[in-house]
Amino acid sequence: MCDRIFLVLLGVPGAGKGTQAKLLEKQFQLPQISTGDIFRYNLKNETDLGKLAKSFMDKGELVPDSVTIEMVKDRLSQSDCANGAIMDGFPRNLVQASAFDEIIDRHGGIDLVPLIALEDDEAMRRITGRRVCRSCGAVYHVDFSPPKQEGVCDIDGGELYQRDDDKPETVRNRLYVYYKQTSPLIGYYYAKGLLAELDGSQEIGQVNVTLLSLLAEKGVIIE
Ligand code: AP5
Ligand code: MG
């Protein structure tokens, strides 16, 4: 394995970025950095950042770059990121991408940008069926990865809830924002030779297997 590994997971909302990031986190002992999760944590704790983020998240819009970039800089300066990180939901536009390059260039830059490809209809099905544990944040799907007992987390017995921004009308705007602001990153990373697309429509375990073989094929990990 390289000394440091920085991965950027790309894909439409619902593609499975968070699900795969959590698997990679365990497999490589690297932290998952999900800007969406950090905003939701702040929202739950009613911090100023949470209150600011809520007004954008409720509409499916991006939180302003200055706030988001500072938050990521701070997160990356923590000691658990010394060996790298799995970026989930950041960068999300070209301004964030170039800020991220500056932040991590001194750490050897990005190793790979896996693009988890998924059709919009399937993304919508996944998002509207998603349930999240209120206490530990574990993610389920009512059909594709249901908990043993409906509404209850398998891990800590916490209550499962539906994210406020997972309603169909907000998801449609999140998809629009993705195509308008995030999809230009596909070209940005392709030009740098970092993009690696994979089929996100397979089941969760199979997507993980494909992702691991991509990482091996590109020399990011040694099997
Ligand atoms: P964020 O939390 O990042 O949401 P998102 O990008 O819209 O992505 P999702 O979390 O909806 O999807 P995912 O790809 O992680 O899918 P998951 O693995 O959960 O952002 C939320 C908001 O925060 C943004 O709208 C914005 O306001 C703000 N924000 C965040 N980052 C920002 C940034 N950088 N800049 C500015 N603002 C920012 O899977 C979805 C469901 O499918 C789950 O139920 C799962 O169990 C299921 N599933 C997963 N994989 C499979 C599979 N292979 N087969 C079947 N089911 C599957
Ligand atoms: Mg997510």
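Computed over heavy atoms, backbone and side chain alike; hydrogens, waters and symmetry mates excluded. In listed order, ligands and their atoms are each counted from 1.
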- Can you measure from CE (M71) to CZ (F90) and round to the nearest 0.5 angstrom? 8.5 Å

- Task: Could you tell me which atoms of ligand 1, counted from 1 in the order shown, lie closer than 4.0 angstrom to a heavy atom of E61?
- Result: 26 (C), 27 (O)

- Task: Give the atoms of ligand 1, by number and element, whose distance to some non-hydrogen atom of S145 is under 4.0 Å.
- Result: 46 (O)

For atom [atom1] of [X], is the number of surrounding heavy atoms from other residues, nucleotides or ligands below 6.0 Å larger than 12?
X    : atom1 : value
E150 : CD    : no
Y179 : OH    : yes
E46  : CD    : no
Y161 : OH    : yes
D48  : CG    : no
F144 : CZ    : yes
Q202 : CD    : yes

Do [X] and ligand 1 have an N or O pair less than 3.5 Å apart?
X    : answer
V63  : yes
F56  : no
F144 : no
G129 : no
D166 : no
R174 : yes
K17  : yes
R130 : yes
D88  : no
Q202 : yes

Hey, does [X] sit under 4.0 Å from ligand 1 if you only count heavy atoms?
X    : result
K59  : no
R40  : yes
G11  : no
Q206 : no

- Message: Taking side chain to side chain contact (heavy atoms under 4.5 Å, CB included) as the criterion, tell me which of L115, I116, V113 meets it with E197.
- Response: L115

- Among D58, V171, T170, find the residue that satisfies the side chain to side chain contact (heavy atoms under 4.5 Å, CB included) test when tested with D165. T170

For [atom], what's the nearest protein heavy atom and its distance?
atom                    : result
atom 18 (O) of ligand 1 : T19 OG1, 2.5 Å
atom 41 (C) of ligand 1 : R126 O, 3.6 Å
atom 15 (O) of ligand 1 : G18 N, 2.9 Å
atom 12 (O) of ligand 1 : G14 N, 2.8 Å
atom 5 (P) of ligand 1  : R92 NH2, 3.5 Å

- Message: Side chain, backbone, both or neither: which applies to D165 and ligand 1 if a contact is any heavy-atom pair less than 4.0 Å apart?
- Response: side chain

- Query: Quick one: does ligand 1 sit under 4.0 Å from the side chain of F39, the backbone, both or neither, non-hydrogen atoms only?
  - Reply: side chain

Whether [Y] and [X] form a salt bridge (side-chain N of Lys/Arg under 4.0 Å from carboxylate O of Asp/Glu) is what I want to check.
X    : Y    : value
E169 : R172 : no
K73  : E70  : yes
R174 : D166 : yes
D101 : K192 : yes

